[in-house]
Every structure is written in C-alpha cells, then in structure tokens.
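Each chain gets a letter, A, B and so on, in the order its sequence line appears, and its residues count up from 1. Everything quoted here is computed from the prediction, not taken from an experiment.
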There are 2 protein chains.
Amino acid sequence: MSPPPAPRKTVGRPPRFSRQEVVDTARRLVDAEGVDRLTMRRLAAEIGSTPMALYHHVRNKEELLVLLLDDYAGRTLRRRELPADPRERVLAAAEAIHRALADCPWIVEVLTADDLMATSALWYVEQIVDGLIACGLTPEQAVHGYRSLWYYTAGEIVVRATAARRRADSDRATYREQVFAGLDPAELPRLARLGARWADLTAEDTYPAGLRALLTGLLARGAG
Amino acid sequence: MSPPPAPRKTVGRPPRFSRQEVVDTARRLVDAEGVDRLTMRRLAAEIGSTPMALYHHVRNKEELLVLLLDDYAGRTLRRRELPADPRERVLAAAEAIHRALADCPWIVEVLTADDLMATSALWYVEQIVDGLIACGLTPEQAVHGYRSLWYYTAGEIVVRATAARRRADSDRATYREQVFAGLDPAELPRLARLGARWADLTAEDTYPAGLRALLTGLLARGAG
DNA sequence: ACCTGAACACCGTTCAAGT
DNA sequence: ACCTGAACACCGTTCAAGT
C-alpha cells in the first residue's frame, strides 16, 4: 500500500560515516585482532568517532555481528560451478558452506541460526534442496534433508572451533588423556581398549565421510 | 613415581566453603536467573564472600562453566536400560544425550567440545561405539561414526537454541518472511516456491529422522 | 592456606544536549 | 538527522595485604 519512503534530502546533519563503513571497519578489526577485540568503544575509536555514534547505524552489538557474518558470507560464498549430478551437487554445496565457515574462526561466537545462513547463502541452499529433489525426495523431505545437513555441518564447525580453542590449554588435553588412560575396562571396555588412540582418531577430519553417510541415509529414507 | 600428595592437615586457614559449594550455588543461580546472570561478583555475593575468594576454588570463569556442565551432565545423564538391539541402542543413547542437552537452555554459551561430554557422558559414548561395532563397523569406523552422530546432535542443539533466542526478536522473523516472500523464482525457484512454507517446515522437529538417516548411512558405508 | 579490599582496565547502553 | 560527553551499571582479574 504505502510507497517506499521518498529519499529525504538534506534534512538534518549529514552523516559522517555509513553503515557499510562500520561493517568494513569491524571486519578489518576482527581480521587483525580477533573477535574478542571487537567492542563498540574500540570500533568507534578506529572509525574516529564515539561509541554512541555507532548506535545510529546499528541497533546494538548483536546486529553488528549478524551484519558482519552476512558480509563475510556474501564475499566468500561466491557462486561457483557445481557438478551436474544431483548427489554430487548436494555434497559440493554443503562442502562449500562448510569450508567458508571453517575458514572463519570467529564464527562460533556469532553463532549460527539457520536464518542467518539463509540470507547470504541462499543460492547454496537452493542447490542443496534442488539436488535432493532431483535425487527423488519430495520438497518437504528435501527441506528436512537440508536441515539435517545443516545441523551436521554447524555441529562440526562448533565442535572443531571449541576443540581448537581448548587445545591452547594444554592442561585440558592432559586431563583427557588421563581420563582415557584410567578407564576401567570392566565398566567401559570399548573406550578403555581405544585408550590413547581416541585422541588420534578424533583428530582426523571426518567431515566429508560423515556428510556422505548422512546423504546416503537421507536418500535411502526418501526412496524407501 | 611420586606418590599422591599426603592430605595436609590444619595447615593455614580452614576453608569457608568448598569447590562443590561454588558449583552448587552457581547451578542454583543459573537455574533461577539464567546463565547471563552468572558472574563472579554475583556468585560471590550469593555465597556471602568476595569475588577473589572464588579464584581459590576455580581457576577462572571458564573452568567454572565447564564444572557446571559436567555437574549437570552427571546428574541428568543417569544410566538407563537401553534396547538390546545394537542399532536401537545407538539411537537411544544418542537421543538420551540430545534430550539432556536440549533441556539445558544455557548449554550453547558453555559450548560443547567433545571432550566435555566425554567426561560425564562416557557411558553413553561407550554404548554408541559398542553398538556401532556390534552393527559391523570396525573400532575406527565406530569412533568416526560416533563423532558424526555427535556433530549432528551438537549442531541441532546449537541451531535450535539460537533460533529460540532469536524468536524473541520478532523483527527478525518478519525479516526472514520478507526475504522468502520476495525471492525471485527465476533465480532460486525451489526456495521461491516453498515461500511461506519454509517457516513451518523448519519449525518441525526433525532430529530423530535425521539421526536415523545418518545412522543408516554410517552402517551402509561400514558394510559396503 | 585461605580470604579481603582496593584497584586496573575495561564493557554495552541510556540520556540530555549540541549542531 | 546525526553526533557528542558524561554517566550508569556493570564486568573478569591482579596485586598486596591480612589471619
């Protein structure tokens, strides 16, 4: 009903900086010093302004982080050629999303609701849903399948990132080794027998294999 | 080589409170007011002490959170009867872990490295690994399979929790609806056609179905 | 050994006022 | 409309001293 608001001209004071400049500066700050150092005060100083000026461009810090992630996804998730075979297309699209997130170490702090991905990575979501339908799933099954793939992918990212963060803390690694070394074989025979190998086995990158297994299962269900 | 340190008796000042009291009080605080309100200062006030006294019982706030999660897992993940059939046993164990975490809304802040679970939920991990081996996987495949199930489970929890947190923000839901309503059918035909149904479809609980699909795929790979 | 008080070096955000 | 300054109500953690 109502038309888009007409561009107001020269009402009030002209802006000293834009929302995009806020996001760009935040990105530079995060890349250079890590997400912990991204504070409203620090960012304002970097821009050469005051903390409160930022609140004219973003609602609050959470919105800034969402903007930052969208910006990141928009620039790393460029469309690329995907395989024609639908199954391979689903795998390639999921792996593209996974790779983009894995290369973004601050992602976990920002987190990962599914509607966050949806704004910037919709093209890849489309490829996954379409590929699943081409493999024989109904549209409903395809959406549910996409969600399962997304849970698996997001989980791998989160677990990987927290594990990496904890690895810095060598005491904790030692503690886990002690736990696994001291397991009672009568109580937990499988884990006790695995013992020290647990650390090596869980250090391997099993994302692609698990992704394929999940897709196999999703298609088996759809077919059955 | 060195024996465990002999229990020192009456050296220095007797403690006013124990580490377990710190954890118990923290749990009460989190249950009553949410994890955001758990600060060292608030907790010290609740205990009737000073912030710095806490640092004699926990190394820092992060250790306190890990302790808290372990405590929670220890009291909710009690062992229960699981099905004899190995496939059903794996599903039941994964669902038990999932349920425990889903009932714990502050879990995402604490996060979720796999060695965290391992200390308190080892019995369930054992059931999963053992069940996978009984289904025909090698021990190595079983550990990798457990990890895939854990990624999927952790991802569902994280996505669910952030989605719930964002649901309070009704602007964002409206925003997503707008995005889906305004999709170009020529660009993203599948998503455009799904349109408003996306919200309903993604609101459904698909954890159990995806879990079964993943397990099916893991066992198919193991067998093939 | 355990606890306290004071301090350091910060946060995100609101409010009232300026241009 | 946009920006500033000052303030509010907090943080986690260190340090030096007390018992």
**Prompt:** Less than 4.5 Å apart, any side-chain heavy atom of Tyr72(B) and any of Asp103(B)?
**Reply:**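 Yes, side chains in contact.
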**Asked** Going by number, which of residues 39-55 of chain A have a non-hydrogen atom under 4.0 Å from DNA chain D?
**Response** Arg41(A), Ser49(A), Thr50(A), Met52(A), Ala53(A)
Taking atom [atom2] of [N] as reference, at what distance in whole Å does atom [atom1] of [X] sit?
X	N	atom1	atom2	answer
Arg16(B)	dT19(D)	CZ	P	12 Å
Arg19(A)	dC2(D)	CZ	P	12 Å
Asp36(B)	dT13(C)	CG	P	12 Å
His56(B)	dA1(C)	NE2	P	10 Å
Arg37(A)	dA9(C)	CZ	C1'	12 Å
Glu21(A)	dC2(D)	CD	P	13 Å
Lys61(A)	dT14(C)	NZ	P	15 Å

**Request:** Would you please indicate yes or no on a ring centroid separation below 6.0 angstrom for Trp198(B) and Tyr146(A)?
**Result:** yes
**Request:** Tell me whether the centres of the aromatic rings in Tyr151(B) and Tyr207(A) are closer together than 6.0 Å.
**Result:** no
**Message:** Looking at Glu204(A) and Arg147(B), is any side-chain nitrogen of the basic one under 4.0 Å from a carboxylate oxygen of the acidic one?
**Reply:** no
**Message:** So that I can tick it off, tell me whether Arg197(B) and Asp200(B) are bridged by a salt bridge, with the cut-off set at under 4.0 angstrom between side-chain N and carboxylate O.
**Reply:** no
Rounding to an integer number of angstrom, what distance separates [N] and [M] when you compare their [atom1] atoms?
N	M	atom1	result
dC11(C)	dC8(D)	C1'	12 Å
dA16(C)	dC3(D)	C1'	13 Å
dA9(C)	dC10(D)	C1'	13 Å

**Residues in salt bridge (Lys or Arg N to Asp or Glu O under 4.0 Å) contact with Glu95(A), at least two apart in sequence or another chain** =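 Checked Glu95(A) against salt bridge (Lys or Arg N to Asp or Glu O under 4.0 Å); matches are Arg212(A).
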**Asked** Where does DNA chain C pair, written as one dot-bracket string 5' to 3', with Watson-Crick or G-U pairs under 3.5 Å, ( ) inside the strand, [ ] for crossing pairs and | for another strand?
**Response** ||.|||||...|||||.||
**Request:** Would you please confirm or rule out a distance under 4.0 Å between OP1 or OP2 of dC3(C) and any side-chain N or O of His57(B)?
**Result:** yes
**Asked** Would you say Arg42(A) has more than 12 foreign heavy atoms packed within less than 6.0 Å of its CZ?
**Response** yes
**Item:** Over 12 foreign heavy atoms within 6.0 Å of CZ, Arg80(A)
**Value:** yes
**Fill in**
Taken to the nearest 0.5 Å, the spacing of Arg19(B) CZ from Leu64(B) CG works out to 9.5 Å
